[in-house]
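One structure is given below, encoded as structure tokens.
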Amino acid sequence: MLELIDAVEGARPVHVVPESGLDAWLEAAAPAHRAWATAQRGKQKAGTVLALPAADGTVGAALAVVGNRPDIWSLGDLDSRLPAGDWTLDLAALAVTPSLAGDLALGMLLGSYRFDRYLKSSETTAIRVTWPEGVDRARVLAFAGAITRTRDLINTPAQDMGPPALEEAGRRLAGQFDGTVRVVVGDDLLAENFPMVHAVGRAAASAPRLIDLCFGDPAAPKVTLVGKGVCFDTGGLDLKPASGMELMRKDMGGAATVLGLAEVILATRLPVRLRVIVPAVENAVAGNAYRPGDILASRKGITVEIGNTDAEGRLILADALALAGEESPDLLIDMATLTGAARVAVGTELSAYFASDESLAAAVETSASATVDPVWRLPLHDAYRHLLDTPFADINNSGSGGFAGATTAALFLKEFVAQPERWLHFDIMAWNSRARPGRPKGGEAMALRALHALIAGRFDNSLQDQL
């Protein structure tokens with residue numbers, strides 16, 4: 001477990017050196033360190049952490065070799081690479097700005113994340129690293145805390161993370177930041193005109209619900225976040241195979257991520273009126289489950305024929321997006337683990353997204369690049385709208401033909417968005433399929449940092465230098 005602390009006497013140095021500066025560092029290093037590092041020369045590439053001997057033969061220092069353009073992940077595995085004890089970062093070999101120092105600190109904290117709630121015992125190595133100079137500690141801790149809580153929500157199995165637990169997570173956020181909470185549950189969804197949220201979730205033991213949180217000055221620019229909260233997805237009557245259900249605890253990853261994004265927006269005090277809408281359901285199988293061929297009403301008045309009950313996320317998002325559009329937000333973002341087609345298109349490590357407005361898409365790209373939080377734009381190709389046509393209703397929830405599945409899902413959602421030019425749709429994995437520095441295997445807050453930077457850049461000019 002890695003902890004960031006104030007400077008302490010006796011902390012051993014971690015010399016952080018880019019590959020291109022390694023020869024110069026070796027030339028100036030203490031003789032014992034130079035000799036030992038030179039003997040290990042073939043192993044010194046970006047990602048290497050090499051223990052260096054003290055005069056008495058114990059570990060007296062460490063050498064961490066990073067890439068020539070260090071970023072948030074450069075020291076993300078120090079937690080597993082350093083011996084226990086107190087350490088301090090020697091960043092003299094890098095051109096370190098306060099922003100980069102903060103990123104390095106955040107990467108170290110994220111790399112120490114463990115989800116051990118269900119383990120009988122969890123062995124950890126106590127590693128303490130002194131804060132780099134000039135870092136905005138509150139900002140680093142805000143991001144680390146929000147991402148940790150997002151990961152925890154996603155990693156928690158559905159037995160303990162059903163719609164009521166997701167509601168409780170929203171209530172905790174509202175309590176922490178003085179927000180308002182409105183929750184519509186069960187049959188009240190019909191009375192309050194959220195018929196598709198009700199239809200998808202009515203077969204589950206835990207009642208479906210619509211969670212609506214608001215924060216900040218009503219006169220400030222309006223930013224609304226909508227997150228898919230399918231706490232477990234069996235596929236409904238169009239049942240998934242067993243292999244398709246293995247990771248369905250993460251099908252509420254969009255909801256978890258917007259809650260995490262909201263937390264960091266609030267903690268960093270971005271000057272916006274923030275609204276978070278989470279339709280929370282479990283897509284279960286029972287005698288009252290909705291069926292293929294059913295035609296559902298929606299909040300917007302559009303009728304939807306069910307082509308596949310496993311295309312449920314877009315149904316609950318549609319009612320939530322219609323609600324969001326009723327107050328014309330300045331920026332509307334939805335996040336969802338929506339389609340396997342997006343994973344086929346971009347893999348598991350990029351956040352696929354859709355945008356109607358070119359300038360908004362360009363801002364997303366800039367923010368993602370600046371934060372090393374990669375995204376990839378997929379086409380919102382209106383000519384494919386015909387794939388959702390049906391003679392029996394206004395639209396089908398499942399595209400025909402088997403092609404462009406991520407695009408047809410996005411086009412379905414677009415039908416329920418009042419102002420598409422102000423809308424972003426993120427189709428995310430919300431899961432690390434492999435462990436990488438700073439990113440252990442399991443739930444992940446994909447695109448959270450990029451979207452925070454986007455919102456900061458659009459609504460708070462004073463924060464643009466932190467992108």
Side-chain angles (χ1 to χ4, degrees), residues 196 199-200 203 228 230 232-248 250-254 279 281 283-285 289-296 298 302-319 321 334-356 361 375-417 420 423-431 433 446:
M196 293 203 293
V200 172
K228 174 187 170 184
V230 177
F232 193 83
D233 181 19
T234 65
L237 292 177
D238 287 313
L239 195 68
K240 292 178 183 288
S243 61
M245 289 192 226
E246 288 178 0
L247 287 182
M248 281 302 100
K250 78 173 185 68
D251 212 23
M252 40 65 70
V281 303
N283 189 21
V285 178
Y290 77 117
R291 298 165 288 261
D294 282 356
I295 296 177
L296 305 182
S298 71
I302 296 170
T303 57
V304 180
E305 182 182 11
I306 303 305
N308 193 313
T309 62
D310 197 20
E312 85 298 331
R314 66 198 68 181
L315 299 174
I316 64 172
L317 286 172
D319 274 355
L321 289 168
D334 80 74
M335 304 192 80
T337 52
L338 204 62
T339 69
R343 309 287 73 77
V344 172
V346 303
T348 62
E349 295 174 9
L350 289 168
S351 298
Y353 80 99
F354 296 81
S356 294
V375 302
W376 200 271
R377 187 183 183 188
L378 293 180
L380 194 63
H381 187 51
D382 287 323
Y384 288 158
R385 170 59 180 81
H386 73 95
L387 295 172
L388 297 168
D389 286 345
T390 170
F392 306 112
D394 295 324
I395 195 169
N396 195 291
N397 78 322
S398 181
S400 62
F403 297 109
T407 292
T408 54
L411 289 172
F412 178 90
L413 295 180
K414 185 180 177 183
E415 295 285 317
F416 299 86
V417 175
W423 167 62
L424 292 169
H425 163 53
F426 275 77
D427 191 338
I428 60 174
M429 178 69 175
W431 191 267
S433 299
M446 295 180 71

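As a basis for the values below, the full set of heavy atoms in this structure was taken, side chains included, without hydrogen atoms, waters or symmetry mates.
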Point-to-point distance, once rounded to the nearest 0.5 Å, from [atom1] of [X] to [atom2] of [Y]:
X	Y	atom1	atom2	result
Leu378	Phe426	CG	CZ	11.0 Å
Ile428	Thr348	CD1	OG1	12.5 Å
Leu350	Met446	CG	CE	7.0 Å
Ile316	Ser298	CD1	OG	14.0 Å
Asp238	Ile306	CG	CD1	10.0 Å

Identify, with sequence neighbours excluded, every residue that meets side chain to side chain contact (heavy atoms under 4.5 Å, CB included) alongside [X].
X	value
Ala393	Ile295, Thr303, Glu305, Thr390
Ser400	Leu387
Arg385	Leu388, Asp389, Ile395, Glu415

Quick test of your reading of the model: are Lys228 and Glu312 salt-bridged, counting only N-O distances below 4.0 Å?
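Salt bridge flag = yes for Glu312 with Lys228.
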Which atom pair, heavy atoms only, marks the closest approach of [X] to [Y]?
X	Y	value
Ala342	Ala352	CB-CB, 4.1 Å
Thr339	Gly405	CG2-O, 3.9 Å
Ala341	Ala406	CB-N, 3.4 Å
Leu296	Ala199	CD1-CB, 3.8 Å
Tyr384	Thr408	O-CG2, 4.3 Å
Pro420	Ser356	O-CB, 3.6 Å

Is there a side-chain contact (heavy atoms from CB on, under 4.5 Å) between Met245 and Leu239 once you walk through the steps?
CA-CA 9 Å; Met245 289 192 226; Leu239 195 68; 3.9 Å; yes
Taking the side chain from [X] and the backbone from [Y], do they hold a donor-acceptor pair closer than 3.5 Å?
X	Y	answer
Thr234	Asn283	yes
Asp294	Arg291	yes
Asn396	Gly307	yes
Asp319	Met196	yes
Arg314	Asn397	yes

Mind checking what makes ring-ring contact (aromatic ring centres under 6.0 Å, His included) contact with His386, not counting sequence neighbours?
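Not a single residue meets the ring-ring contact (aromatic ring centres under 6.0 Å, His included) criterion with His386.
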Applying ring-ring contact (aromatic ring centres under 6.0 Å, His included), can you list everything that pairs with Tyr290, at least two apart in sequence or on another chain?
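Here no residue qualifies.
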Working for side-chain contact (heavy atoms from CB on, under 4.5 Å), residues Trp431 and Thr337:
CA-CA 10 Å; Trp431 191 267; Thr337 52; over 6 Å; no
Show the numbers, then the answer: is there a side-chain contact (heavy atoms from CB on, under 4.5 Å) between Leu413 and Leu338?
CA-CA 11 Å; Leu413 295 180; Leu338 204 62; 4.0 Å; yes
Please list all pairs passing the salt bridge (Lys or Arg N to Asp or Glu O under 4.0 Å) test where one or both residues lie in residues 338-348, with sequence neighbours left out.
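Those involving residues 338-348 are Arg343-Asp427.
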Can you list the steps and then say if Phe354 with Thr407 is a side-chain contact (heavy atoms from CB on, under 4.5 Å)?
CA-CA 8 Å; Phe354 296 81; Thr407 292; 3.7 Å; yes
Any side-chain heavy-atom pair from Asp382 and Lys414 closer than 4.5 angstrom?
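Touching, per the 4.5 Å side-chain cut-off.
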Aromatic plane relationship, Phe416 with Phe412 - under 30° parallel, 30 to 60° tilted, over 60° perpendicular
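Correct class here is tilted.
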